[in-house]
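Below is one structure, written out as C-alpha coordinates, with a few remarks after it.
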Protein chains: 2
Amino acid sequence: MSDNQFNPLESLAFLTNRVGRLLSSDIRRRAGDDVEGLYSTHIGVLVDLWKQDGLRQQDLVTSVVKDKGTIARALDNLEKNGIVVRLADARDRRNKRIYLTPKGKTLKDTMLPHALASVNEVLEGISEEEVAICKKVLRRMYKRLSHSRQEHL
Amino acid sequence: MSDNQFNPLESLAFLTNRVGRLLSSDIRRRAGDDVEGLYSTHIGVLVDLWKQDGLRQQDLVTSVVKDKGTIARALDNLEKNGIVVRLADARDRRNKRIYLTPKGKTLKDTMLPHALASVNEVLEGISEEEVAICKKVLRRMYKRLSHSRQEHL
DNA sequence: AATTAGTAGTTGCGTTTGCAACGAAGAACG
DNA sequence: CGTTCTTCGTTGCAAACGCAACTACTAATT
(Lines give C-alpha, C1' and ligand atoms only; values in the text may rest on other atoms or scores of the structure.)
Protein backbone atom coordinates (compact mmCIF):
# COMPACT_ATOMS: atom_id res chain seq x y z
CA MET A 1 0.00 0.00 0.00
CA SER A 2 1.37 3.37 -1.01
CA ASP A 3 1.88 5.97 1.64
CA ASN A 4 1.09 8.72 -0.79
CA GLN A 5 -2.52 7.82 -0.62
CA PHE A 6 -2.55 9.00 2.96
CA ASN A 7 -0.41 12.06 2.80
CA PRO A 8 -3.08 14.71 2.43
CA LEU A 9 -5.07 13.14 5.23
CA GLU A 10 -2.26 12.42 7.53
CA SER A 11 -0.72 15.77 7.05
CA LEU A 12 -3.72 17.98 7.35
CA ALA A 13 -6.78 16.45 8.91
CA PHE A 14 -4.84 14.80 11.67
CA LEU A 15 -1.78 16.97 11.92
CA THR A 16 -3.92 20.01 12.58
CA ASN A 17 -5.87 18.14 15.18
CA ARG A 18 -2.80 16.96 16.97
CA VAL A 19 -0.83 20.15 16.75
CA GLY A 20 -3.81 22.09 18.02
CA ARG A 21 -4.23 19.90 21.04
CA LEU A 22 -0.54 19.86 21.83
CA LEU A 23 -0.32 23.63 21.65
CA SER A 24 -3.18 24.08 24.07
CA SER A 25 -1.71 21.74 26.60
CA ASP A 26 1.74 23.23 26.18
CA ILE A 27 0.36 26.66 27.00
CA ARG A 28 -1.38 25.27 30.06
CA ARG A 29 1.76 23.55 31.20
CA ARG A 30 3.77 26.75 30.92
CA ALA A 31 1.20 28.87 32.65
CA GLY A 32 0.93 26.36 35.50
CA ASP A 33 -0.70 27.82 38.56
CA ASP A 34 -1.66 30.95 36.68
CA VAL A 35 -4.38 29.08 34.87
CA GLU A 36 -5.58 26.88 37.69
CA GLY A 37 -8.95 25.54 36.67
CA LEU A 38 -8.86 26.96 33.16
CA TYR A 39 -9.09 24.43 30.37
CA SER A 40 -8.57 24.73 26.67
CA THR A 41 -12.12 25.79 25.93
CA HIS A 42 -11.85 28.56 28.49
CA ILE A 43 -8.60 29.71 27.00
CA GLY A 44 -10.12 29.71 23.54
CA VAL A 45 -13.00 31.83 24.76
CA LEU A 46 -10.70 34.22 26.57
CA VAL A 47 -8.48 34.74 23.56
CA ASP A 48 -11.51 35.82 21.60
CA LEU A 49 -12.64 38.15 24.34
CA TRP A 50 -9.22 39.70 24.79
CA LYS A 51 -9.38 40.49 21.14
CA GLN A 52 -12.84 41.96 21.36
CA ASP A 53 -14.78 42.46 24.54
CA GLY A 54 -18.58 42.31 24.59
CA LEU A 55 -19.04 39.55 22.03
CA ARG A 56 -22.33 37.71 21.86
CA GLN A 57 -22.39 34.19 23.15
CA GLN A 58 -23.26 32.98 19.66
CA ASP A 59 -20.13 34.66 18.25
CA LEU A 60 -18.06 32.52 20.57
CA VAL A 61 -19.85 29.36 19.48
CA THR A 62 -18.95 30.07 15.86
CA SER A 63 -15.43 31.12 16.55
CA VAL A 64 -14.36 28.51 19.06
CA VAL A 65 -16.12 25.83 16.97
CA LYS A 66 -17.77 24.06 19.83
CA ASP A 67 -21.36 23.31 20.70
CA LYS A 68 -23.72 25.96 22.13
CA GLY A 69 -24.10 23.97 25.31
CA THR A 70 -20.36 23.58 25.72
CA ILE A 71 -19.86 27.32 25.43
CA ALA A 72 -22.76 28.04 27.78
CA ARG A 73 -21.21 25.86 30.45
CA ALA A 74 -17.71 27.20 29.89
CA LEU A 75 -19.15 30.66 30.46
CA ASP A 76 -20.96 29.46 33.58
CA ASN A 77 -17.57 28.46 34.86
CA LEU A 78 -15.80 31.67 33.89
CA GLU A 79 -18.61 33.70 35.38
CA LYS A 80 -18.56 31.73 38.60
CA ASN A 81 -14.86 32.45 38.87
CA GLY A 82 -15.40 36.15 38.35
CA ILE A 83 -13.61 36.34 35.02
CA VAL A 84 -16.53 37.39 32.82
CA VAL A 85 -20.10 38.65 33.18
CA ARG A 86 -23.08 38.06 30.93
CA LEU A 87 -25.40 40.96 30.16
CA ALA A 88 -28.55 40.73 28.08
CA ASP A 89 -28.40 42.91 24.98
CA ALA A 90 -30.86 45.77 25.41
CA ARG A 91 -31.78 45.82 21.73
CA ASP A 92 -32.34 42.10 21.34
CA ARG A 93 -32.81 40.40 24.61
CA ARG A 94 -32.22 36.98 23.15
CA ASN A 95 -28.55 37.87 22.89
CA LYS A 96 -26.20 37.93 25.80
CA ARG A 97 -23.09 40.03 25.64
CA ILE A 98 -20.00 38.71 27.35
CA TYR A 99 -17.75 41.20 29.13
CA LEU A 100 -14.44 40.68 30.84
CA THR A 101 -14.23 41.68 34.48
CA PRO A 102 -11.10 43.46 35.73
CA LYS A 103 -9.89 40.03 36.82
CA GLY A 104 -10.46 38.73 33.31
CA LYS A 105 -8.48 41.60 31.86
CA THR A 106 -5.65 41.02 34.30
CA LEU A 107 -5.53 37.39 33.35
CA LYS A 108 -4.56 38.45 29.90
CA ASP A 109 -1.30 39.90 31.19
CA THR A 110 -0.41 36.74 33.07
CA MET A 111 -1.41 34.24 30.45
CA LEU A 112 -0.60 35.83 27.16
CA PRO A 113 3.18 35.79 27.67
CA HIS A 114 3.07 32.05 28.22
CA ALA A 115 0.99 31.55 25.13
CA LEU A 116 3.29 33.71 23.03
CA ALA A 117 6.38 32.03 24.43
CA SER A 118 5.01 28.65 23.52
CA VAL A 119 4.22 29.61 19.97
CA ASN A 120 7.48 31.47 19.43
CA GLU A 121 9.57 28.62 20.73
CA VAL A 122 7.79 26.11 18.57
CA LEU A 123 8.21 28.27 15.49
CA GLU A 124 11.86 29.04 16.06
CA GLY A 125 13.91 28.50 12.94
CA ILE A 126 10.95 28.51 10.62
CA SER A 127 10.95 31.49 8.30
CA GLU A 128 8.25 34.09 8.63
CA GLU A 129 7.21 33.54 5.05
CA GLU A 130 6.62 29.88 5.66
CA VAL A 131 4.61 30.60 8.76
CA ALA A 132 2.59 33.15 6.84
CA ILE A 133 1.80 30.63 4.12
CA CYS A 134 0.85 28.05 6.69
CA LYS A 135 -1.55 30.50 8.30
CA LYS A 136 -3.00 31.44 4.96
CA VAL A 137 -3.71 27.83 4.07
CA LEU A 138 -5.28 27.14 7.45
CA ARG A 139 -7.41 30.25 7.30
CA ARG A 140 -8.70 29.22 3.92
CA MET A 141 -9.49 25.74 5.14
CA TYR A 142 -11.20 27.19 8.15
CA LYS A 143 -13.32 29.48 6.05
CA ARG A 144 -14.50 26.75 3.73
CA LEU A 145 -15.13 24.23 6.44
CA SER A 146 -17.16 26.59 8.54
CA HIS A 147 -19.25 27.50 5.53
CA SER A 148 -19.94 23.95 4.52
CA ARG A 149 -20.68 23.17 8.12
CA GLN A 150 -23.40 25.79 8.32
CA GLU A 151 -24.90 24.60 5.06
CA HIS A 152 -25.30 21.15 6.50
CA LEU A 153 -27.04 22.17 9.71
CA MET B 1 -4.89 46.96 21.94
CA SER B 2 -3.00 45.89 18.87
CA ASP B 3 -4.23 42.89 17.01
CA ASN B 4 -0.72 41.97 16.04
CA GLN B 5 -0.12 40.82 19.53
CA PHE B 6 -2.58 38.04 18.89
CA ASN B 7 -1.75 37.00 15.40
CA PRO B 8 0.61 34.14 16.11
CA LEU B 9 -1.76 32.78 18.69
CA GLU B 10 -4.93 33.25 16.79
CA SER B 11 -3.48 31.89 13.63
CA LEU B 12 -1.69 28.85 14.91
CA ALA B 13 -2.65 27.67 18.35
CA PHE B 14 -6.32 28.15 17.74
CA LEU B 15 -6.57 27.87 14.00
CA THR B 16 -5.03 24.43 14.11
CA ASN B 17 -7.36 23.41 16.87
CA ARG B 18 -10.43 24.57 15.06
CA VAL B 19 -9.47 23.39 11.60
CA GLY B 20 -8.68 19.98 13.01
CA ARG B 21 -12.04 19.65 14.65
CA LEU B 22 -13.91 20.90 11.63
CA LEU B 23 -12.13 18.48 9.34
CA SER B 24 -12.99 15.51 11.52
CA SER B 25 -16.63 16.40 11.68
CA ASP B 26 -16.74 17.12 7.96
CA ILE B 27 -15.41 13.66 7.23
CA ARG B 28 -17.98 12.11 9.52
CA ARG B 29 -20.75 14.09 7.92
CA ARG B 30 -19.75 12.92 4.44
CA ALA B 31 -19.37 9.31 5.45
CA GLY B 32 -22.76 9.35 7.16
CA ASP B 33 -24.10 5.87 7.82
CA ASP B 34 -20.80 4.31 6.84
CA VAL B 35 -19.25 5.43 10.10
CA GLU B 36 -22.19 4.81 12.38
CA GLY B 37 -20.83 4.81 15.89
CA LEU B 38 -17.32 5.85 14.92
CA TYR B 39 -16.05 9.06 16.46
CA SER B 40 -13.05 11.16 15.66
CA THR B 41 -10.72 9.24 17.94
CA HIS B 42 -11.71 6.00 16.28
CA ILE B 43 -11.09 7.50 12.87
CA GLY B 44 -7.70 8.75 13.98
CA VAL B 45 -6.77 5.31 15.23
CA LEU B 46 -7.99 3.66 12.06
CA VAL B 47 -6.04 5.98 9.81
CA ASP B 48 -2.89 4.98 11.63
CA LEU B 49 -3.73 1.30 11.37
CA TRP B 50 -4.58 1.50 7.69
CA LYS B 51 -1.16 2.93 7.23
CA GLN B 52 0.51 0.25 9.28
CA ASP B 53 -1.24 -2.75 10.74
CA GLY B 54 -0.06 -4.36 13.95
CA LEU B 55 0.99 -1.21 15.79
CA ARG B 56 1.48 -1.29 19.52
CA GLN B 57 -1.14 0.42 21.62
CA GLN B 58 1.49 2.83 22.83
CA ASP B 59 2.31 3.84 19.25
CA LEU B 60 -1.27 4.93 18.84
CA VAL B 61 -1.15 6.95 22.03
CA THR B 62 1.85 8.87 20.72
CA SER B 63 0.53 9.32 17.26
CA VAL B 64 -3.07 10.19 17.94
CA VAL B 65 -1.95 12.43 20.82
CA LYS B 66 -4.54 11.39 23.30
CA ASP B 67 -4.37 9.86 26.72
CA LYS B 68 -3.52 6.18 27.28
CA GLY B 69 -6.91 5.62 28.82
CA THR B 70 -8.69 7.29 25.94
CA ILE B 71 -6.96 5.03 23.44
CA ALA B 72 -7.59 1.95 25.58
CA ARG B 73 -11.28 2.65 25.61
CA ALA B 74 -11.45 3.56 21.94
CA LEU B 75 -9.88 0.18 21.23
CA ASP B 76 -12.37 -1.51 23.55
CA ASN B 77 -15.03 -0.05 21.36
CA LEU B 78 -13.42 -0.96 18.05
CA GLU B 79 -12.75 -4.47 19.30
CA LYS B 80 -16.31 -4.88 20.51
CA ASN B 81 -17.50 -3.89 17.05
CA GLY B 82 -15.23 -6.42 15.41
CA ILE B 83 -13.03 -3.86 13.66
CA VAL B 84 -9.71 -4.64 15.40
CA VAL B 85 -8.23 -7.32 17.63
CA ARG B 86 -5.60 -6.97 20.35
CA LEU B 87 -2.90 -9.57 20.61
CA ALA B 88 -0.20 -9.61 23.27
CA ASP B 89 3.26 -9.33 21.76
CA ALA B 90 5.02 -12.67 22.17
CA ARG B 91 8.41 -11.05 22.77
CA ASP B 92 7.26 -8.48 25.28
CA ARG B 93 3.95 -9.32 26.78
CA ARG B 94 3.46 -5.85 28.16
CA ASN B 95 2.82 -4.69 24.62
CA LYS B 96 -0.38 -5.34 22.77
CA ARG B 97 -0.37 -5.36 19.02
CA ILE B 98 -3.44 -4.04 17.29
CA TYR B 99 -4.56 -5.78 14.11
CA LEU B 100 -7.36 -4.91 11.74
CA THR B 101 -9.97 -7.57 11.16
CA PRO B 102 -11.29 -8.12 7.63
CA LYS B 103 -14.13 -5.81 8.59
CA GLY B 104 -11.60 -3.18 9.62
CA LYS B 105 -9.82 -3.47 6.33
CA THR B 106 -13.07 -3.20 4.42
CA LEU B 107 -13.93 -0.08 6.30
CA LYS B 108 -10.92 1.55 4.76
CA ASP B 109 -12.44 1.28 1.31
CA THR B 110 -15.71 2.83 2.41
CA MET B 111 -14.29 5.59 4.54
CA LEU B 112 -11.12 6.69 2.91
CA PRO B 113 -12.79 8.13 -0.20
CA HIS B 114 -14.90 10.40 2.00
CA ALA B 115 -11.88 11.54 3.91
CA LEU B 116 -9.93 12.25 0.75
CA ALA B 117 -12.87 14.03 -0.86
CA SER B 118 -13.20 16.29 2.15
CA VAL B 119 -9.56 17.25 2.16
CA ASN B 120 -9.36 17.72 -1.58
CA GLU B 121 -12.40 19.94 -1.68
CA VAL B 122 -11.15 22.08 1.14
CA LEU B 123 -7.76 22.50 -0.50
CA GLU B 124 -9.10 23.30 -3.94
CA GLY B 125 -7.45 26.35 -5.43
CA ILE B 126 -4.54 26.30 -3.03
CA SER B 127 -1.28 25.51 -4.78
CA GLU B 128 0.52 22.31 -3.97
CA GLU B 129 3.58 24.25 -2.92
CA GLU B 130 1.62 26.16 -0.35
CA VAL B 131 0.05 23.03 0.99
CA ALA B 132 3.48 21.42 1.18
CA ILE B 133 4.87 24.35 3.15
CA CYS B 134 1.90 24.28 5.49
CA LYS B 135 2.46 20.61 6.14
CA LYS B 136 6.14 21.16 6.71
CA VAL B 137 5.49 23.85 9.30
CA LEU B 138 2.90 21.73 11.08
CA ARG B 139 5.14 18.70 11.09
CA ARG B 140 7.90 20.72 12.63
CA MET B 141 5.61 22.11 15.27
CA TYR B 142 4.34 18.65 15.97
CA LYS B 143 7.80 17.27 16.41
CA ARG B 144 8.89 19.94 18.84
CA LEU B 145 5.71 19.90 20.83
CA SER B 146 5.72 16.16 21.27
CA HIS B 147 9.31 16.30 22.42
CA SER B 148 8.78 19.03 24.94
CA ARG B 149 5.67 17.20 26.10
CA GLN B 150 7.58 14.05 26.90
CA GLU B 151 10.28 16.00 28.70
CA HIS B 152 7.69 17.43 31.03
CA LEU B 153 6.06 14.17 31.98
C1' DA C 1 -53.20 41.75 16.41
C1' DA C 2 -52.54 36.67 15.95
C1' DT C 3 -50.19 32.93 14.19
C1' DT C 4 -46.08 31.06 12.45
C1' DA C 5 -41.24 30.70 11.82
C1' DG C 6 -36.69 31.58 13.26
C1' DT C 7 -32.81 32.63 16.54
C1' DA C 8 -30.19 32.75 21.21
C1' DG C 9 -29.39 30.50 25.19
C1' DT C 10 -30.19 26.67 28.82
C1' DT C 11 -30.47 22.07 30.49
C1' DG C 12 -30.64 16.78 30.61
C1' DC C 13 -28.41 12.84 28.95
C1' DG C 14 -25.09 9.62 27.48
C1' DT C 15 -20.39 9.44 25.68
C1' DT C 16 -15.64 10.87 25.51
C1' DT C 17 -11.85 12.79 27.64
C1' DG C 18 -7.65 13.49 30.65
C1' DC C 19 -5.74 12.56 35.04
C1' DA C 20 -4.16 9.64 38.57
C1' DA C 21 -3.80 5.37 40.88
C1' DC C 22 -3.17 0.69 39.98
C1' DG C 23 -1.49 -4.00 38.28
C1' DA C 24 1.34 -6.83 35.20
C1' DA C 25 5.55 -7.67 32.63
C1' DG C 26 10.21 -6.86 31.63
C1' DA C 27 15.06 -4.54 32.50
C1' DA C 28 18.94 -3.30 35.36
C1' DC C 29 21.43 -3.65 39.33
C1' DG C 30 23.39 -5.76 43.27
C1' DC D 1 18.20 -15.18 41.97
C1' DG D 2 15.92 -10.99 44.43
C1' DT D 3 15.18 -6.16 44.56
C1' DT D 4 14.27 -1.98 42.40
C1' DC D 5 12.95 0.81 38.38
C1' DT D 6 10.69 1.43 34.26
C1' DT D 7 7.16 0.67 30.70
C1' DC D 8 2.57 -0.75 28.91
C1' DG D 9 -2.06 -1.23 29.59
C1' DT D 10 -6.53 -0.90 32.54
C1' DT D 11 -9.85 1.29 35.48
C1' DG D 12 -12.23 4.86 38.67
C1' DC D 13 -13.45 9.37 38.60
C1' DA D 14 -14.77 13.98 37.60
C1' DA D 15 -14.86 17.32 33.99
C1' DA D 16 -15.98 18.45 29.25
C1' DC D 17 -18.28 17.39 25.07
C1' DG D 18 -22.03 16.97 21.38
C1' DC D 19 -26.76 16.19 20.64
C1' DA D 20 -31.49 17.07 21.20
C1' DA D 21 -35.33 18.94 23.57
C1' DC D 22 -36.81 23.00 25.75
C1' DT D 23 -37.74 28.14 26.97
C1' DA D 24 -37.55 33.01 25.87
C1' DC D 25 -37.54 36.38 22.68
C1' DT D 26 -37.93 38.51 17.93
C1' DA D 27 -39.28 38.68 12.92
C1' DA D 28 -42.33 37.64 9.17
C1' DT D 29 -46.79 36.62 7.21
C1' DT D 30 -51.50 37.01 7.12
Side-chain angles (χ1 to χ4, degrees), chain A residues 17-18 20-22 24-29 32 35-45 54-81 84-98 149-150 152-153, chain B residues 17-18 20-22 24-29 32 35-45 54-81 84-98 149-150 152-153:
Chain A
N17 229 320
R18 294 164 197 186
R21 191 163 36 241
L22 282 171
S24 295
S25 69
D26 190 60
I27 292 170
R28 285 200 63 219
R29 185 175 54 66
V35 294
E36 197 68 46
L38 291 183
Y39 292 84
S40 59
T41 301
H42 301 130
I43 298 178
V45 166
L55 288 170
R56 294 173 309 140
Q57 196 158 326
Q58 182 57 37
D59 295 331
L60 293 170
V61 171
T62 307
S63 150
V64 179
V65 188
K66 297 210 172 169
D67 182 75
K68 299 199 284 186
T70 301
I71 298 298
R73 278 179 279 243
L75 289 172
D76 287 345
N77 199 324
L78 289 170
E79 197 167 28
K80 203 170 61 188
N81 286 314
V84 306
V85 289
R86 284 189 259 213
L87 296 177
D89 189 324
R91 296 190 185 175
D92 183 344
R93 286 211 303 240
R94 288 172 303 181
N95 295 330
K96 291 194 180 170
R97 299 270 172 191
I98 317 299
R149 183 199 192 202
Q150 291 192 332
H152 293 87
L153 282 183
Chain B
N17 229 320
R18 293 161 198 190
R21 191 164 31 244
L22 283 169
S24 296
S25 68
D26 190 59
I27 292 170
R28 286 200 63 220
R29 185 176 54 65
V35 294
E36 198 68 47
L38 292 182
Y39 292 85
S40 59
T41 301
H42 302 130
I43 297 179
V45 166
L55 289 170
R56 294 172 310 141
Q57 196 159 326
Q58 183 57 36
D59 296 331
L60 293 170
V61 171
T62 308
S63 151
V64 180
V65 189
K66 298 213 169 167
D67 183 73
K68 299 198 284 186
T70 301
I71 298 297
R73 278 178 279 244
L75 289 173
D76 287 345
N77 199 323
L78 288 171
E79 197 166 28
K80 203 169 62 189
N81 287 313
V84 305
V85 290
R86 284 188 260 213
L87 295 176
D89 188 324
R91 298 189 184 177
D92 183 343
R93 286 212 301 243
R94 289 172 304 181
N95 294 331
K96 292 194 178 169
R97 298 271 172 189
I98 316 299
R149 183 201 192 200
Q150 291 192 331
H152 293 86
L153 283 182

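These numbers were taken from a predicted model, which means no experiment stands behind them. Side chains are part of it too, since the values below use all heavy atoms of this structure and drop only hydrogens, waters and symmetry mates. Below, chain A is the first sequence line, B the second, and so on; all start at residue 1.
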Check each of B:Leu55, B:Leu60, B:Val61 against B:Gln58 using the side-chain contact (heavy atoms from CB on, under 4.5 Å) test, and report the only one that passes.
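It is B:Val61; the other options fail the test.
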
My understanding is that only one of B:Leu78, B:Asn81, B:Val84 makes a side-chain contact (heavy atoms from CB on, under 4.5 Å) with B:His42; could you say which?
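Of all the options given, the one that passes is B:Leu78.
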
Is any side-chain nitrogen or oxygen of B:Gln57 closer than 4.0 Å to OP1 or OP2 of D:dT7?
no

When you check the phosphate oxygens OP1 and OP2 of D:dG18, does a side-chain N or O of A:Thr70 lie under 4.0 Å from one of them?
yes

Partners of B:Arg56 by salt bridge (Lys or Arg N to Asp or Glu O under 4.0 Å), sequence neighbours excluded?
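By the salt bridge (Lys or Arg N to Asp or Glu O under 4.0 Å) rule, B:Arg56 matches B:Asp59.
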
Could you state the atom-to-atom distance from [atom1] of [X] to [atom2] of [N] in whole Å?
{"X": "A:Leu87", "N": "C:dA8", "atom1": "CG", "atom2": "C1'", "value": "16 Å"}
{"X": "A:Leu78", "N": "D:dA15", "atom1": "CG", "atom2": "C1'", "value": "14 Å"}
{"X": "B:Arg56", "N": "D:dT10", "atom1": "CZ", "atom2": "C1'", "value": "17 Å"}
{"X": "A:Asp76", "N": "D:dC17", "atom1": "CG", "atom2": "P", "value": "13 Å"}
{"X": "B:Arg97", "N": "D:dC8", "atom1": "CZ", "atom2": "C1'", "value": "12 Å"}
{"X": "B:Ile43", "N": "C:dT16", "atom1": "CD1", "atom2": "C1'", "value": "14 Å"}
{"X": "A:Asn77", "N": "D:dA15", "atom1": "CG", "atom2": "C1'", "value": "10 Å"}
{"X": "B:Leu60", "N": "C:dG18", "atom1": "CG", "atom2": "P", "value": "14 Å"}

Taking the side chain of B:Asn95 as heavy atoms from C-beta outward, which of C:dT10, C:dA8, D:dG9 is closest to it?
D:dG9

Only counting residues at least two apart or in another chain, list the ones meeting side chain to side chain donor-acceptor pair (under 3.5 Å) with [X].
{"X": "B:Arg73", "answer": "none"}
{"X": "B:Thr70", "answer": "none"}
{"X": "B:Arg97", "answer": "B:Asp89"}

Report, one pair per line, the protein and nucleotides 20-29 of chain C atoms (nitrogen or oxygen only) whose separation is under 3.5 Å.
residue	atom	partner	partner atom	Å
C:dG26	OP1	B:Arg93	N	3.3

Starting from the first five and the last five pairs of the helix from C:dA1-D:dT30 to C:dG30-D:dC1, work out the angle between the resulting helix axes, to 10 degrees.
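Inter-axis angle at the ends, rounded: 20°.
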
Side chain to side chain contact (heavy atoms under 4.5 Å, CB included) involving A:Arg86 - partner list, sequence neighbours excluded
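Applying side chain to side chain contact (heavy atoms under 4.5 Å, CB included) to A:Arg86 gives A:Gln57, A:Leu75, A:Asp76, A:Glu79, A:Lys96, A:Ile98.
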
Rounded to the nearest 0.5 Å, what's the gap from NZ on A:Lys68 to OG1 on A:Thr62? Could you check?
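Between A:Lys68 NZ and A:Thr62 OG1, I get 11.0 Å after rounding to 0.5 Å.
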
So what does B:Arg86 touch, heavy atoms closer than 4.0 Å: a base, only the sugar-phosphate, or nothing?
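Sugar-phosphate, backbone atoms only, no base.
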
